[in-house]
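Single-structure report; data block below.
So you know, we letter chains A, B, ... as the sequences are listed, proteins then strands, and number each from 1.
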Number of protein chains: 2
Amino acid sequence: MKELNQRSACPVSTSLDVLGDKWTLLILRDMVFAGKSTYGQFLQSAEKIATNILADRLSVLESQGILTKAVAVDKKSKFTYSLTEKGVETIPIIVALILWGSKHYITDIDPGLLNELQAGKDSAIEKYQRLAREKSLASLLHDA
Amino acid sequence: MKELNQRSACPVSTSLDVLGDKWTLLILRDMVFAGKSTYGQFLQSAEKIATNILADRLSVLESQGILTKAVAVDKKSKFTYSLTEKGVETIPIIVALILWGSKHYITDIDPGLLNELQAGKDSAIEKYQRLAREKSLASLLHDA
DNA sequence: TTAAAATACTTGCAAAATGCAAGTAAAAAA
DNA sequence: TTTTTTACTTGCATTTTGCAAGTATTTTAA
């Protein structure tokens, strides 16, 4: 349980106190856009996060109520991380980063996704939020 | 001139390579929402950035073409930083952070701004982008 | 004309965060 | 019963950050 130290009462600053580093939003990206949900899956991303950093970020995200951790349905040695509603609501941030990055740098973004985001950003955000909620709900139902 | 080291070709990752730390977006916030444009003004924000970090971030932002540096109109010992179009286009990211932060944490956000953003996010973003462009254009005209 | 203040940094060093490689522990598979 | 899978933890080197002090140029004040 790590307590959040807010540098100021500014909402931008506070958001950055939680999400403002080079790794946290990549974990959320992997959950939303790559369907990942386990420690091992997060380790396999192209950016090669270190194991101790991943463990630390997952624990911060959990203690901030952005994701929840549960034993996987199939294996007791595996954990499944799911987005909370607070986590689902970071999707607009991730989408803004996708649009800015793909506009100003050379990236390998999926043209279909880019098109979808450019055509109707708000409805695309709503779609990915809906999908993320469905996924989280599904993992909750499995537990019960 | 610091070269950007992209960890991967993912647009989220690349955006975070540039903007993903606890200070960079606060400088841009100060330019967009507090009308700040000088080193001394950036130092006075509530979060208390260290002088060496500020100097470093300004030089990165300049070398990434997000802002430009020019001698101030009134004083030769002062510099004025202005947003480029690439910088203006970070405003959707900042707005997404404002909305997420103010929704999930206790902050002192201006209720008028919050209302404006919640009422019509896209048009509010357009408004602040237009204002930022006007401000940058004005400082360019002063130089000539 | 000269001294003090303003402005924008730079430098040195301690502290914290990150990155890397190896090790541990429980559960699952062979 | 041994090996593999999965999720970490630990120790240590490197990098980044933070703090305090110092420098350089321009502007203001005496």
Side-chain angles (χ1 to χ4, degrees), chain A residues 1-8 13 16-27 30-31 36-64 67-82 139 142-143, chain B residues 1-8 13 16-27 30-31 36-63 67-82 139 143:
Chain A
M1 295 287 174
K2 284 146 191 169
E3 70 202 22
L4 179 62
N5 204 351
Q6 281 183 262
R7 288 173 294 173
S8 80
S13 165
L16 293 174
D17 289 336
V18 181
L19 307 171
D21 74 289
K22 300 219 180 291
W23 294 109
T24 301
L25 285 163
L26 293 186
I27 295 171
D30 281 348
M31 296 184 77
K36 296 185 182 181
S37 59
T38 69
Y39 184 93
Q41 288 177 324
F42 298 134
L43 280 183
Q44 285 159 30
S45 294
E47 297 86 8
K48 298 292 163 205
I49 188 170
T51 57
N52 53 342
I53 305 293
L54 175 58
D56 177 77
R57 293 306 183 278
L58 287 172
S59 93
V60 171
L61 285 168
E62 197 190 355
S63 64
Q64 286 302 313
L67 47 79
T68 56
K69 182 181 181 176
V71 174
V73 207
D74 50 333
K75 283 188 183 183
K76 283 182 187 169
S77 66
K78 226 165 82 176
F79 294 101
T80 297
Y81 292 92
S82 305
S139 73
H142 278 300
D143 290 349
Chain B
M1 296 284 174
K2 284 146 191 170
E3 69 201 23
L4 179 63
N5 203 352
Q6 281 182 264
R7 287 173 294 172
S8 80
S13 165
L16 293 175
D17 289 336
V18 181
L19 307 171
D21 74 290
K22 302 221 179 286
W23 295 111
T24 300
L25 285 163
L26 292 187
I27 295 171
D30 282 350
M31 296 184 77
K36 296 186 182 180
S37 60
T38 71
Y39 184 92
Q41 289 177 324
F42 297 135
L43 280 184
Q44 286 159 29
S45 293
E47 297 85 8
K48 297 292 166 206
I49 187 170
T51 57
N52 53 345
I53 305 293
L54 175 58
D56 176 77
R57 294 304 184 277
L58 287 172
S59 94
V60 170
L61 285 168
E62 197 189 357
S63 66
L67 47 79
T68 56
K69 182 182 183 177
V71 173
V73 208
D74 50 333
K75 284 188 182 181
K76 282 182 189 169
S77 67
K78 228 165 80 176
F79 295 101
T80 296
Y81 292 92
S82 306
S139 73
D143 289 348

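Contact annotation: B:Lys69 side-chain N/O to C:dC9 OP1/OP2 distance is under 4.0 Å. For A:Tyr81 and D:dC8, the shortest distance from a side-chain N or O to OP1 or OP2 is below 4.0 Å.
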Worked check of side chain to side chain contact (heavy atoms under 4.5 Å, CB included) between A:Asp21 and A:Arg57:
CA-CA 10 Å; A:Asp21 74 289; A:Arg57 293 306 183 278; 3.1 Å; yes

Extract from the structure each pairing of a protein N or O with an N or O of nucleotides 19-23 of chain C at less than 3.5 Å, listing the distance.
residue: C:dG19; atom: OP2; partner: A:Trp23; partner atom: NE1; Å: 2.9
residue: C:dG19; atom: N7; partner: A:Asn52; partner atom: ND2; Å: 3.3
residue: C:dC20; atom: N4; partner: A:Asn52; partner atom: ND2; Å: 2.8

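To the nearest angstrom, C1' of D:dT28 lies 15 Å from NZ of B:Lys76. Atom-to-atom, CG of B:Asp17 to C1' of D:dT15 comes out at 16 Å; the value is rounded to the nearest Å. In this entry the distance linking CZ of B:Arg7 with P of C:dT18 reads 11 Å, nearest Å. Rounding to whole angstrom units, CZ of residue A:Arg57 and P of D:dT9 are separated by 14 Å. Rounded to whole Å, atom C1' of C:dT10 lies 12 Å from atom CG of B:Asp56. Computed from coordinates, the B:Leu58 CG to C:dC9 P distance equals 7 Å when rounded to whole Å.
Heavy-atom distances to DNA chain C give each of A:Asp21 and A:Lys75 a nearest nucleotide, and the one nearer the 5′ end belongs to A:Asp21. For the pair B:Phe79 and A:Asp74, nearest-nucleotide mapping onto DNA chain C gives the more 5' position to B:Phe79.
Taking all atoms of both residues into account, the shortest heavy-atom contact from B:Asp17 to B:Gln6 is OD2-CA, 3.2 Å. Closest approach of A:Glu47 to B:Ser8, counting heavy atoms only: OE2-OG, 2.6 Å. Here the closest heavy-atom approach between residue B:Lys48 and residue B:Leu43 is recorded as NZ-O, 4.2 Å.
In this structure, CG in A:Asp30 is found 9.0 Å from CD1 in A:Ile49, a value given to the nearest 0.5 Å. Summarising the geometry, atom CG belonging to B:Leu58 is positioned 9.0 Å from atom OG1 belonging to B:Thr24; distances are rounded to the nearest 0.5 Å.
When heavy atoms are screened at a 4.0 angstrom cut-off, A:Phe42 is found touching no nucleic acid atom at all.
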